[in-house]
Amino acid sequence: MKLKKIIIVYLLLLAVFPVFSRTRSASVLSMKDLTTPSSPSYVPYPYPESEDKIIENLRYGIQKTFANNMASFEYSMIKTSNPLPKMLQKNSSLTVQKIVKIQNRIAEMSDSFSYLIILFDNETNEFARVAMTADGLLHSCAVVSPLASVKPLKNETEIISLLATQTGIRKTEISKVDLLAYGIVYASPVCPFYRVTLNDGSIYFLDYNENVFKKDDEKTISGDPFSFIEKETAQLKQGGHALYDSIDDKLLILKKITSGGVQ
């Protein structure tokens, strides 16, 4: 697929999902799984709503995952800089910059939303990202590598400004801005897409690398999803991309926008 080079940060997946699901998966974890201290799925605060509880779950998840205080993990044999264990230090230089809710268009995930936590290291001036599932468990993280830095999350005003620069669309033409995850890797909970809906119904997307796309078409999945998506993406013209919305079981066909218009 033509999406592989878009995201150049590294993911540590802490859960295993099927590749495709046609309906929202039911949760396999009970409240007993989440509240029993000896359970591998225990969290201090199941389904946290306040920032304090989300941060406490984050600290617990980091402690559990990086109990040996390893400062790096490997992805394709490339060393990465992992600041997450710093969260466990007293007067840590790693602080929570922002916590946002992400809408999940991923049927493999049992809840309709997840949390995206943006971290900032005052010592290194570097960012990190952590995705947490609605029940409070760590899902994935993105940390600095020799090939890429992790970007902070842009706010709605910055997104509207980027869209205006690329397309000339004015703020008054925009009816809604959402932040959504469409896949476990591409447009993932740790690197979600902004979806911008205009008053006339037109839809634009902005990805992690600030590429702008316009929704050109959508196709209902027929037969085996993998085969259908592979066939459709192989037919995309230059500048064409696709997102799989497994909740609505549709493939969204996108056209990349350049400063001079549609690519």
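- Checked by atom type and distance alone, the side chain of Y182 never pairs as donor or acceptor with a backbone atom of F193 at under 3.5 Å.
- With no hydrogens or angles considered, a side-chain donor-acceptor pair links D249 and Y244 at under 3.5 Å.
- Rounding to the nearest 0.5 Å places CG of D178 at 13.5 Å from NZ of K101.
- N57 contributes no side-chain N or O that, together with a main-chain N or O of I54, makes up a donor-acceptor pair within less than 3.5 Å.
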For side-chain contact (heavy atoms from CB on, under 4.5 Å), just list the numbers for L119 and L58, CA-CA rounded to whole Å, side-chain angles, deciding distance to a tenth of an Å, and then say yes or no. CA-CA 11 Å; L119 303 173; L58 171 66; 4.1 Å; yes

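- Here NZ of K154 is found 13.5 Å from CG of L179. Values are rounded to the nearest 0.5 Å.
- Residues L137 and I117 do not share a hydrophobic cluster, clusters being chains of Ile/Leu/Val/Met/Phe/Trp/Tyr side chains in contact below 4.5 Å.
- Put simply, the side chain of S41 never gets that close to the backbone of D33: no donor and acceptor are under 3.5 Å apart.
- Counting heavy atoms from C-beta outward, I106 and S114 have side chains that stay 4.5 Å or more apart.
- To the nearest 0.5 angstrom, M132 atom CE is 11.0 Å from S140 atom OG.
- Between the side chain of E232 and the backbone N or O of I229, no donor-acceptor pair lies under 3.5 Å.
- A heavy-atom distance below 4.5 Å is not found between the side chains of V190 and H139.
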Does F120 form a side-chain contact (heavy atoms from CB on, under 4.5 Å) with N125? I'd like the steps, not just the answer. CA-CA 7 Å; F120 180 70; N125 292 323; 3.5 Å; yes

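- For the residue pair Y208 and S149, the shortest heavy atom distance occurs at OH-O, 3.6 Å.
- If you check the side chains of D52 and S50, you find no donor sitting under 3.5 Å from an acceptor.
- Evaluation of the side-chain hydrogen bond (donor to acceptor under 3.5 Å, both in side chains) rule for E218 yields K215 as partners, not counting sequence neighbours.
- Put simply, the residue from N122, D121, T95 that forms a side-chain hydrogen bond (donor to acceptor under 3.5 Å, both in side chains) with K86 is D121.
- Residues R105 and D248 are in side-chain contact: their nearest non-hydrogen atoms beyond the backbone lie under 4.5 Å apart.
- Following chains of ILVMFWY side-chain contacts shorter than 4.5 Å, one can reach F113 starting from V130, so the two form part of one hydrophobic cluster.
- D111 contributes no side-chain N or O that, together with a main-chain N or O of N104, makes up a donor-acceptor pair within less than 3.5 Å.
- When side chains are defined from C-beta on, P83 does not count as touching T124, because their heavy atoms never get closer than 4.5 Å.
- The side-chain heavy atoms of L243 and Y186, taken from C-beta on, include a pair separated by under 4.5 Å.
- Side-chain atoms of T165 come within 3.5 Å of backbone N or O of S161 as a donor-acceptor pair.
- Using a cut-off of 4.0 Å between Lys/Arg side-chain N and Asp/Glu carboxylate O, D245 and K250 are scored as not salt-bridged.
- Side-chain contact between K32 and S39: absent, with no pair of heavy atoms (C-beta onward) separated by less than 4.5 Å.
- Put simply, the side chain of Y194 reaches to within 4.5 Å of the side chain of L153, judged on heavy atoms.
- The minimum heavy-atom distance linking F213 with K256 is given by the pair CD2-CA, 3.6 Å.
- Between the side chain of S27 and the backbone N or O of L29, at least one donor-acceptor pair lies under 3.5 Å.
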Could you check L34 against Y47 for side-chain contact (heavy atoms from CB on, under 4.5 Å), going step by step and ending with a plain yes or no? CA-CA 9 Å; L34 298 170; Y47 293 95; 3.8 Å; yes

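- At least one side-chain heavy atom of E156 sits under 4.5 Å from a side-chain heavy atom of I160.
- Between T167 and L163 the shortest heavy-atom distance is OG1-O, 2.6 Å.
- Between A181 and P192, the shortest heavy-atom distance links the atoms N-CB, 4.3 Å.
- Aromatic pair Y42/Y60: ring centres closer than 6.0 Å.
- The heavy-atom pair separating A242 from T233 by the smallest distance is CB-CG2, 3.9 Å.
- To the nearest 0.5 Å, the span separating CG on D200 from CD1 on I174 amounts to 11.0 Å.
- Here the options are T197, V177, I169, the test is side chain to side chain contact (heavy atoms under 4.5 Å, CB included), and the partner is Y204; only I169 passes.
- Here OH of Y115 is found 9.0 Å from CD1 of I99. Values are rounded to the nearest 0.5 Å.
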Candidate pair I203 and R195, rule side-chain contact (heavy atoms from CB on, under 4.5 Å), full reasoning: CA-CA 7 Å; I203 295 176; R195 182 183 65 186; 3.6 Å; yes

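- Note: the hydrophobic cluster containing V96 does not contain V43 (ILVMFWY, side chain heavy atoms under 4.5 Å, direct or indirect links).
- Few gaps surround NZ on K98; more than 12 heavy atoms of other groups in view lie less than 6.0 Å from it.
- Note that CD1 of I55 is 13.0 Å distant from NZ of K53, once rounded to the nearest 0.5 Å.
- Across all non-hydrogen atoms, the minimal contact from P152 to R129 is O-NH2, 3.5 Å.
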